[in-house]
2 protein chains.
Amino acid sequence: MGSKQLTSCTISSRHCACFEQLTNAEQKRVEENTAIVKYKKGELICKQGAMASQILYIESGLAKVFLDNGNDTLVLKVIPPGNLLGLTSIGSENSTFQYSALAYVDSVVKQIEISCFKEMLHTNPKFASEVIEILISNTVQINGRFFCLTHKQSYGRLADILLCLADRIFYSQDFLLPLSRKELAELSGISAETVVRMLKKVNDEGLIATEGKNLRILDYHKLKIISEMG
Amino acid sequence: MGSKQLTSCTISSRHCACFEQLTNAEQKRVEENTAIVKYKKGELICKQGAMASQILYIESGLAKVFLDNGNDTLVLKVIPPGNLLGLTSIGSENSTFQYSALAYVDSVVKQIEISCFKEMLHTNPKFASEVIEILISNTVQINGRFFCLTHKQSYGRLADILLCLADRIFYSQDFLLPLSRKELAELSGISAETVVRMLKKVNDEGLIATEGKNLRILDYHKLKIISEMG
DNA sequence: TGTTACAATTGATCCATATCAACAATTTAC
DNA sequence: GTAAATTGTTGATATGGATCAATTGTAACA
């Protein structure tokens with residue numbers, strides 16, 4: 001079924017494989033043009049509208065990428081370790097960051113000079129191909145999320161988020177939630193109060209169990225159905 | 001202001017410049033692997049989930065690209081002449097179309113063999129770079145639309161569509177609407193009835209004038225404000 | 001040319017979820 | 001270890017738009 005892809009709402013999963021395509025010499029050159037920066041939980045990694053002279057790579061931690069117009073905010077994706085961030089800045093028209101990114105938890109970020117990155121694109125076709133793969137993967141991802149946030153209602157969206165956290169971030173049905181209700185709300189495009197209510201609902205129905213920050217998925221299959229039903 | 005980009009909701013605008021990067025020999029090779037197909041208004045150009053062995057290029061006409069899960073549909077973008085369609089299919093993971101496309105009006109479409117397209121990517125770095133530019137441009141576009149459809153309310157969204165039609169499709173403040181209310185509704189992510197009501201509202205307020213299929217924008221500036229206010 | 005289908009319009013009703021307000025629980029800071 | 005601040009929870013209310021239903025164009029069609 002072609003609709004399979006659509007049911008998934010949310011999170012960047014593809015491991016970025018572009019640097020593996022570089023020769024040793026090229027890798028060395030990239031390393032020379034790389035800085036490593038540590039961000040604390042809650043710190044801004046990049047700011048929408050600011051000049052972008054580096055491509056970012058999440059070495060460890062977890063970050064959200066979001067758009068903001070001053071009043072509202074839209075989380076485009078969540079970035080787990082091993083992924084690039086700020087690829088849109090290599091476009092000739094976009095020398096500034098098209099979005100902001102913020103560390104959900106303490107994170108380590110590699111900053112790679114954009115000029116160096118672009119150089120690799122021009123000299124190494126395999127690298128370029130891999131970057132294209134990443135861009136396409138991002139696009140498919142965002143499209144799915146777009147669909148979900150515009151067509152599913154809050155119960156289904158919350159189910160989505162829970163499944164994503166389990167499947168794509170923690171690789172476990174039992175994890176410590178690093179996100180507040182407000183952050184969960186923002187992530188699923190609903191209000192914090194509604195998140196509480198929906199969370200209560202899945203809890204009451206015995207699909208999850210929570211104690212403190214700990215969250216355990218009890219009925220994965222039913223959550224999946226809720227997610228797919230919208 | 002970084003927020004400038006966000007206010008725009010909708011439509012693919014970038015002219016695709018990748019083929020200009022090819023050598024004469026390469027262009028010839030692409031031509032040999034290209035078929036030209038004419039679609040009538042309302043015909044399906046590609047179908048979500050179907051095998052994709054060609055990249056498509058809209059030579060003339062107008063098409064919508066949309067996701068569909070059987071119940072709901074989401075228009076991702078509108079494609080005017082001079083743009084590629086189906087680029088997501090060059091990803092190694094996506095040999096099938098990730099979305100459907102339908103001709104809004106009679107359209108001429110070039111079909112380029114995907115293998116040939118990929119070959120160019122691997123042999124011509126400038127071509128690859130330009131494809132990357134296109135992908136990024138698409139991403140930025142979709143992100144903006146994503147934000148608008150999740151955070152603006154219907155009045156603002158309708159204003160967006162009207163402005164997009166004028167600015168990016170017809171290049172005129174006075175044009176014949178080729179879209180039904182239902183199509184406008186789908187495009188702005190609201191119901192057809194609400195489109196009628198909002199259209200009536202802008203009409204009553206003297207911002208547009210309609211007679212039959214003809215639509216004329218009378219107060220561009222005010223529409224812009226409505227669009228930006230949400 | 002009437003008939004049948006479809007598109008547009010208008011009004012009435014309903015519903016999901018935001019918003020507001022009050023309070024409890026937990027974390028942070030000094 | 002207590003005060004202050006933030007986060008979580010719950011209930012009551014408000015509202016933007018969807019949905020439903022009825023009516024009127026409008027275009028295809030035999």
Side-chain angles (χ1 to χ4, degrees), chain A residues 9 40-43 69 71-75 102 104-106 148-162 176-204 208-215 226-227 229-230, chain B residues 9 40-42 69 71-75 102 104-105 148-162 176-204 208-215 226-227 229-230:
Chain A
C9 183
K40 290 253 176 219
K41 171 183 174 149
E43 282 182 341
N69 72 348
N71 301 310
D72 295 298
T73 178
L74 168 68
V75 177
L102 184 141
Y104 269 141
V105 300
D106 292 358
C148 293
L149 259 63
T150 47
H151 287 297
K152 286 186 185 178
Q153 49 195 63
S154 58
Y155 196 39
R157 290 195 229 161
L158 189 74
D160 278 342
I161 297 296
L162 296 178
L176 284 177
L177 240 194
L179 308 179
S180 68
R181 303 298 140 127
K182 194 157 147 279
E183 282 167 326
L184 274 180
E186 195 171 74
L187 194 50
S188 39
I190 58 190
S191 74
E193 291 93 331
T194 301
V195 166
V196 172
R197 283 182 252 264
M198 295 299 144
L199 224 36
K200 196 179 180 213
K201 191 172 172 189
V202 274
N203 210 336
D204 289 352
I208 66 167
T210 55
E211 27 179 343
K213 288 275 170 213
N214 191 260
L215 194 150
I226 291 168
S227 157
M229 298 260 297
Chain B
C9 182
K40 289 254 177 219
K41 170 182 174 148
N69 71 348
N71 300 310
D72 294 298
T73 176
L74 169 68
V75 177
L102 183 141
Y104 269 141
V105 299
C148 293
L149 259 63
T150 47
H151 286 299
K152 286 185 185 179
Q153 47 194 64
S154 58
Y155 196 38
R157 287 196 232 162
L158 189 74
D160 277 343
I161 297 296
L162 295 178
L176 284 177
L177 241 193
L179 309 179
S180 69
R181 303 298 139 124
K182 192 155 149 279
E183 282 166 327
L184 274 180
E186 194 172 76
L187 193 50
S188 40
I190 59 189
S191 74
E193 291 92 332
T194 301
V195 166
V196 171
R197 284 182 252 266
M198 294 299 145
L199 224 37
K200 194 179 181 215
K201 192 171 172 190
V202 274
N203 211 335
D204 288 352
I208 65 166
T210 55
E211 27 178 343
K213 289 275 169 212
N214 190 261
L215 195 150
I226 291 168
S227 156
M229 299 261 295

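Remember, it's a predicted structure, so these values are computed and weren't measured experimentally. Computation of the quantities below employed the complete heavy-atom set of this structure, encompassing side-chain atoms and omitting hydrogens, waters and symmetry-equivalent molecules.
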At under 4.0 Å between heavy atoms, which parts of nucleotides 25-30 of chain C does protein reach? Answer with one letter per nucleotide, 5' to 3': B base, S sugar-phosphate only, - none. ------
Hey, what do you get for OH (Y104(B)) to CD (E183(B)), rounding to the nearest 0.5 Å? 5.5 Å
Spacing of K201(A) atom NZ relative to dA16(C) atom C1', expressed in whole Å: 11 Å
Separation of atom NZ in K182(A) from atom C1' in dG8(D), rounded to whole Å: 13 Å
Once you round it to whole Å, what is the distance between P of dA18(C) and CG of L149(A)? 11 Å
For M229(A) and dA16(C), what is the distance between atoms CE and P respectively, to the nearest whole Å? 13 Å
I'd like to check the salt bridge (charged side-chain N to carboxylate O under 4.0 Å, His left out) partners of E186(B); sequence neighbours left out, ordered by chain and number. K64(B)
Provide the closest heavy-atom pair for P178(B) versus K41(B) in the form atom of the first, atom of the second, distance. O-NZ, 4.3 Å
Find the distance L179(A):CG to dG8(D):P and express it as a whole number of Å. 10 Å
If you measure from CD1 on I208(B) to CG on L158(B), what distance do you get to the nearest 0.5 Å? 7.5 Å
Is there a side-chain contact between E43(A) and L102(A), using heavy atoms and a 4.5 Å cut-off? no
In whole Å, I'd like the distance from the CG atom of D204(B) to the C1' atom of dT9(C). 13 Å
Can you tell if the side chain of R181(B) reaches within under 4.5 Å of the side chain of L199(B), non-hydrogen atoms only? yes
Taking atom types as modelled, is there a side-chain donor on S188(A) or D160(A) under 3.5 Å from an acceptor on the other? no
At under 4.0 Å between heavy atoms, how does the protein contact nucleotides 15-21 of chain D? Give one character per nucleotide, 5' to 3', with B, S or -. -SSSBB-
What distance do L74(B) atom CG and H151(A) atom NE2 have between them, rounded to the nearest 0.5 Å? 4.5 Å
Nearest 0.5 Å please: distance from the CD1 atom of I161(B) over to the OG atom of S154(B). 12.0 Å
Rounded to whole Å, please give me the gap between CG in L177(B) and C1' in dA7(C). 13 Å
Check the distance between dA7(C)'s C1' and E183(B)'s CD and give it to me in whole angstrom. 11 Å
